[in-house]
Trainee: 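Would you mind keeping the following structure in view while I ask a few things?
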Amino acid sequence: MMEPSVTRGGQPSGPVQMDRTEFRSRPTFAGKGQNAVEILAGPGQGTIHRFEGHLLIGRAARCDLVIDDATVSREHLTIESRGGKWQAASRNPKNPALKNGIPFQSAYIATGDTLTVGPARLRLALSAPKPGIPLPPGLLRLFGNRKFLIGTGIGLFVLLAILSFLSQPAKTPQESVVESDWGKQRALKDAEFMHQVSTLLLQARRLHDEGHNEQALTRLDTLLGIDAANGEALRLKADIQAAIEAKAAEAKKRQVQAALAMEKVGPQIREAERLLAAGNTAGARALAEKAQAQAPDVAEVRAVLDTIEAKEAADQRQASQKAQAAAARHQELTGLYAAAAADLAADDLYKALLVYRRLGEEEAEPARTAVRRKTAEIQDALVKRVMPDFIAGQKFYTQKQYAAAYRQWVKVLEVYPEAKETKTKVAELTPMLEAEAKRLYEEGLVHEGLGNRETAMARWQAVLEAMPDKDNAYYRRAAAKLGIAPDGKGQP
């Protein structure tokens, strides 16, 4: 990776090839053992955790190495020695760890490998695992020689010192500071990159498991846009695309089957629609159900059946409403017949006549004919009943006894208010009688003014005799003058 170099004055002088030397603060140590994992980034950054032959990593407090982050499983990863080799295994298939940037479920590991667990990036430092095979006797005697061991140790120390001296970068302090900053930035970017890749991959898997394949593809395209060679993302994308294609093929197959079924039952559906339009709901249902038995998945058949069911429900509601209306009408007619019978029993012919007229409007044939016949009978009976009073009124009228004639005709109208000729006669006499009552009343006033009290009283008494209508204004005034009530009984 090319990064800017610096001069001895501390200013960038152009791109140079940087080595991988990292400058970090003094680490903190945890655990015991000759093997270790160093947390390069994430929670607990800078910690070196030592262990022997087994290490459990996860979010739970029971784990050997706890990484407190929501994206980390409770038991996320195990590291252990098996068969003379170190092996790492993910404990959650839906939330795998990464080895050198590639997701895995189980993989062999060695010193220098980098594992990513959620946001944490771990670097391994592993000793050679014990295969359980005994050393040769000669080698055992050599290791038992104290002088050999001391000499070997001094030689290794000198060799390591020489190698350490030769590996020290010949850089100024300013260059070391700049490289340290670049190293930190690079580490942060690497950690952010791995976290983003891991998050997108986990989201894509979850969406795929939930059936949201289009959204899962969107996540994978974003991931491949920043890490085009990510094998796990490429495999998952291929699986999702294959699933989408299979689903589309299945949908197309169903469409073809539906089209064939529709072609088979189409004539039956059209005939059912025709019968329904003609009002033959039962026939339409029989054909539609037959078509449904042959093609249960055809939407057009279900639509026709839904229409038929709606029509049947509407017909049922209409029949129920008609039945309720008929019951109410029957109850009303029964009440009218009872009222007419009561009026006839009370000899109130005119009220009975009005009820029967209403029955004639409400009843249907043939009952209406009988009602009209009864109406005519009642009307004839009314005419016969009032005829004597009408004739007597005619006689009084001929004799110019208009007040008496008025009284007779009023009696007719009280029994039969619709007697047209009688109403005409009463209307003719009313102004004549009122004029006579006015004349007599005013004469009484004149005599009262002259002090002729008896004559005045006689004129006012004549008003009561000449005006049979007790509601007439002059009748009431004359009654008041006479000191009697308008009905002729007692004081006013």
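For reference, positions follow the sequence shown, starting with 1. Predicted, not measured: the structure shown is a model, and the values here were computed from it.
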Trainee: Closer than 4.0 angstrom, basic N to acidic O: yes or no for D221 and K237?
Mentor: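 K237 and D221: salt-bridged.
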Trainee: State which residues pass salt bridge (charged side-chain N to carboxylate O under 4.0 Å, His left out) with D315; sequence neighbours excluded, sorted by chain then number.
Mentor: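 Only K311 meet the salt bridge (charged side-chain N to carboxylate O under 4.0 Å, His left out) criterion with D315.
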Trainee: How would you list, by chain and number, every residue that makes a salt bridge (charged side-chain N to carboxylate O under 4.0 Å, His left out) with E309, sequence neighbours excluded?
Mentor: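 Listed in chain order: R285, R302.
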Trainee: Which residues pass the side chain to side chain contact (heavy atoms under 4.5 Å, CB included) test with K253, not counting sequence neighbours?
Mentor: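 For K253 the side chain to side chain contact (heavy atoms under 4.5 Å, CB included) partners, ignoring immediate neighbours, are E250, Q257.
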Trainee: What is the minimum heavy-atom distance between P43 and I39, and which atoms define it?
Mentor: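 Scanning both residues completely, I find the closest heavy atoms to be O-CG2, 3.7 Å.
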Trainee: Let me confirm one number: the CG-CG distance from L126 to D113, rounded to the nearest 0.5 Å.
Mentor: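 Those atoms lie 8.0 Å apart.
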Trainee: Given side chain to side chain contact (heavy atoms under 4.5 Å, CB included), test T71 with S198 step by step and report yes or no.
Mentor: CA-CA 9 Å; T71 61; S198 176; over 6 Å; no
Trainee: Just by distance, with hydrogens left out, do N230 and D227 show a side-chain donor and acceptor under 3.5 Å apart?
Mentor: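 Looking only at side-chain atoms, D227 and N230 do form a donor-acceptor pair, the distance falling under 3.5 Å.
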Trainee: Ignoring hydrogens and angles, state whether a donor on the side chain of Y356 or E363 is under 3.5 Å from an acceptor on the partner side chain.
Mentor: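 E363 and Y356 do not have a side-chain donor-acceptor pair below 3.5 Å.
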Trainee: Listed by chain and number, what are the salt bridge (charged side-chain N to carboxylate O under 4.0 Å, His left out) partners of E418, not counting sequence neighbours?
Mentor: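 Per chain and number, E418 pairs via salt bridge (charged side-chain N to carboxylate O under 4.0 Å, His left out) with R357.
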Trainee: Quick one, R91 with L56, criterion side chain to side chain contact (heavy atoms under 4.5 Å, CB included). Give me CA distance, side-chain angles, the key distance, then yes/no.
Mentor: CA-CA 10 Å; R91 302 294 291 270; L56 175 60; 3.6 Å; yes
Trainee: With side chain to side chain contact (heavy atoms under 4.5 Å, CB included) as the criterion, how do V304 and L276 come out once you've worked through the C-alpha distance, each side chain's angles and the decisive distance to 0.1 Å?
Mentor: CA-CA 9 Å; V304 172; L276 183 61; 5.7 Å; no
Trainee: Can you tell me if K351 has over 12 outside heavy atoms packed within less than 6.0 Å of its NZ?
Mentor: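 Not buried by this count: 12 neighbours or fewer within 6.0 Å.
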Trainee: For residues A228 and L234, report the shortest heavy-atom separation together with the two atoms involved.
Mentor: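 Looks like O-CD1, 3.9 Å.
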Trainee: Under the 3.5 angstrom rule, does the side chain of N100 hit a backbone N or O of T114 as a donor-acceptor pair?
Mentor: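 Checking the backbone N and O of T114 against the side chain of N100, a donor-acceptor pair under 3.5 Å is found.
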Trainee: Minimum heavy-atom separation for A288 and A272, please, with both atom names.
Mentor: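 Looking at all heavy atoms of both residues, the shortest contact is N-CB, 4.3 Å.
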Trainee: Could you pull out all donor-acceptor pairs under 3.5 Å where a side-chain atom in residues 317-324 meets a protein atom, sequence neighbours excluded?
Mentor:
none

Trainee: Could you tell me which residues satisfy side chain to side chain contact (heavy atoms under 4.5 Å, CB included) with E210, sequence neighbours excluded, listed by chain and number?
Mentor: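 Here the qualifying residues are R206, L207, H212.
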Trainee: Is it true that E214 and T218 share a donor-acceptor pair across their side chains at a distance under 3.5 Å?
Mentor: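 No pair is found: no donor N or O on one side chain lies under 3.5 Å from an acceptor on the other.
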Trainee: To the nearest 0.5 Å, tell me how far Y350 OH sits from L382 CG.
Mentor: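 One finds 9.0 Å between OH of Y350 and CG of L382.
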Trainee: Testing the basics here: between L77 and A88, what is the closest heavy-atom pair and its distance to 0.1 Å?
Mentor: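 The pair with the smallest heavy-atom distance is CD1-CB, 4.2 Å.
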Trainee: Nearest 0.5 Å, what's the CD-CZ distance between E38 and R121?
Mentor: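 So the CD of E38 and the CZ of R121 are separated by 9.5 Å.
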Trainee: If only atom types and distance count, is the side chain of W86 paired as donor or acceptor with the main-chain N or O of S127 below 3.5 Å?
Mentor: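 Answer holds: yes.
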Trainee: Could you list all the salt bridge (Lys or Arg N to Asp or Glu O under 4.0 Å) pairs where at least one residue sits in residues 44-71, not counting sequence neighbours?
Mentor: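 Those involving residues 44-71 are R62-E75.
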Trainee: Once you round to the nearest 0.5 Å, how far does CZ of R385 lie from CG of L349?
Mentor: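 Result: 4.0 Å between the selected atoms.
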Trainee: Go through L217 and Q241 one step at a time and tell me if the side chain to side chain contact (heavy atoms under 4.5 Å, CB included) criterion holds.
Mentor: CA-CA 8 Å; L217 284 178; Q241 288 176 334; 4.1 Å; yes
Trainee: Can you measure from CD1 (I57) to OG (S90) and round to the nearest 0.5 angstrom?
Mentor: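 Answer rounded to 0.5 Å: 10.0 Å.
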Trainee: Does E362 have any salt bridge (charged side-chain N to carboxylate O under 4.0 Å, His left out) partners at least two apart in sequence or in another chain, and if so, which?
Mentor: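 Counting only residues at least two positions away or on another chain, E362 forms no salt bridge (charged side-chain N to carboxylate O under 4.0 Å, His left out).
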Trainee: For T199, give me all partners under side chain to side chain contact (heavy atoms under 4.5 Å, CB included), at least two apart in sequence or on another chain.
Mentor: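 Here the qualifying residues are H195, Q203.
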Trainee: As a test of understanding, state which of R373, R372, E365 forms a side chain to side chain donor-acceptor pair (under 3.5 Å) with T369.
Mentor: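 The passing option is E365.
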Trainee: To the nearest 0.5 Å, how far apart are CZ in F29 and CD1 in I48?
Mentor: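 One finds 4.0 Å between CZ of F29 and CD1 of I48.
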Trainee: Using side chain to side chain contact (heavy atoms under 4.5 Å, CB included) as the criterion, list what pairs up with V66, not counting sequence neighbours.
Mentor: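 Checked V66 against side chain to side chain contact (heavy atoms under 4.5 Å, CB included); matches are C63.
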Trainee: Determine which pairs satisfy salt bridge (Lys or Arg N to Asp or Glu O under 4.0 Å) with at least one residue from residues 271-283, sequence neighbours left out, and list them in order.
Mentor: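 Every pair satisfying salt bridge (Lys or Arg N to Asp or Glu O under 4.0 Å) with a residue in residues 271-283: E271-R274.
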Trainee: Where is the tightest heavy-atom contact between H208 and A216, given as atom of each residue plus distance?
Mentor: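 Closest approach of H208 to A216, heavy atoms only: N-CB, 3.9 Å.
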Trainee: Report the residues that fulfil side chain to side chain donor-acceptor pair (under 3.5 Å) with T222, sequence neighbours left out, ordered by chain and then residue number.
Mentor: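 Not a single residue meets the side chain to side chain donor-acceptor pair (under 3.5 Å) criterion with T222.
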Trainee: Both conditions, 6.0 Å and 45 degrees, for the charged tip of K85 above the ring of Y108: are they met here?
Mentor: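 Yes, K85 lies over the aromatic ring of Y108.
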Trainee: To check you understand the geometry: which heavy-atom pair defines the closest contact between L201 and L223, and what is its length?
Mentor: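 For L201 versus L223, the nearest heavy atoms are N-CD1, 3.6 Å.
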